[in-house]
Amino acid sequence: MTTNLAISVGVCGESTLLVGDEHTASRVGSGLIGVLATPVMINVIEAAALACCEALLPEGHQSLGTHLNISHIAATPVGMCIVARATVTHVEGRKISFAIQVHDQRDLIGEGTHERVVVNVAKFDLRVQEKIRLLGDKLV
């Protein structure tokens, strides 16, 4: 794969979520309070990054999340909508870096950075299948 991606600094993507009971910390096992769970916020962040770059990748390629540095700074109750926005800040080889902001209908609730790496799906799958083959009966 060429390392010259057709993704420019400044490209943005967004993802939204209406927070339901199934998205709360108490339901996903990341706390006891019925507010938006951090792992769910992270999922929305990754969806925003995907919305930003996946359509611009070469055929047979996709990006995989490799690094998150995120602060979850305000609680969001059930019934509020959140919007995550990913903005490309740097592209180097196969690595894409993003600035992240997440807002609910009232506050900035999360921010930070995210990195993804572009892979050839067929080659990546071959490596995964080899890993499975090497483990054999040891898989749980």
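- The number of heavy-atom neighbours closer than 6.0 Å to CG of L64, taken from other residues, nucleotides and ligands shown, is above 12.
- At a threshold of 4.5 Å between non-hydrogen side-chain atoms, the residues V88 and C53 do not count as touching.
- Two different hydrophobic clusters hold I109 and V83 under the rule that ILVMFWY side chains link at heavy-atom gaps under 4.5 Å.
- Considering CD of Q101 and CD of E111, their distance stands at 6.0 Å, rounded to 0.5 Å.
- Contact of the L57 side chain with the I7 side chain is registered, since non-hydrogen atoms from C-beta on lie closer than 4.5 Å.
- A distance of 4.5 Å separates CD1 of I132 from CD of Q129, quoted to the nearest 0.5 Å.
- Atoms NE2 and CG, from H114 and N69 in turn, are 12.0 Å apart once rounded to the nearest 0.5 Å.
- A donor-acceptor pair under 3.5 Å is formed between the side chain of Q105 and the backbone N or O of C81.
- Exactly one residue among H90, K95, R94 makes a side chain to side chain donor-acceptor pair (under 3.5 Å) with E92. That residue is H90.
- Note: R85 CZ to S15 OG = 12.5 Å, rounded to the nearest 0.5 Å.
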Anything under 3.5 Å between a donor and an acceptor, one on a side chain of residues 17-28, the other on a protein residue two or more places apart or in another chain? List them.
from: H23; atom 1: ND1; to: G20; atom 2: N; distance (Å): 2.8
from: T24; atom 1: OG1; to: D21; atom 2: O; distance (Å): 2.8
from: T24; atom 1: OG1; to: S26; atom 2: OG; distance (Å): 3.3
from: T24; atom 1: OG1; to: R27; atom 2: N; distance (Å): 3.4

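- Hydrophobic clustering (side-chain heavy atoms under 4.5 Å, transitive across Ile, Leu, Val, Met, Phe, Trp, Tyr) keeps V102 apart from V35.
- One distance of note links CE of M80 with NE2 of H103; it measures 12.5 Å at 0.5 Å rounding.
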In residues 38-52, what donor-acceptor pairs under 3.5 Å come from side-chain atoms, sequence neighbours left out?
from: T38; atom 1: OG1; to: H72; atom 2: ND1; distance (Å): 2.6
from: E46; atom 1: OE2; to: R116; atom 2: NH1; distance (Å): 2.9

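- For E54, there are no salt bridge (charged side-chain N to carboxylate O under 4.0 Å, His left out) partners, not counting sequence neighbours.
- Shown here is L135, whose CG atom has more than 12 heavy atoms of other residues, nucleotides or ligands within 6.0 Å.
- Residues E130 and R127 are not paired through a salt bridge, judged by the lack of any N-O separation under 4.0 Å between the basic side chain and the carboxylate.
- Residue N120 holds its CG atom at 10.0 Å from CG of D125, rounded to the nearest 0.5 Å.
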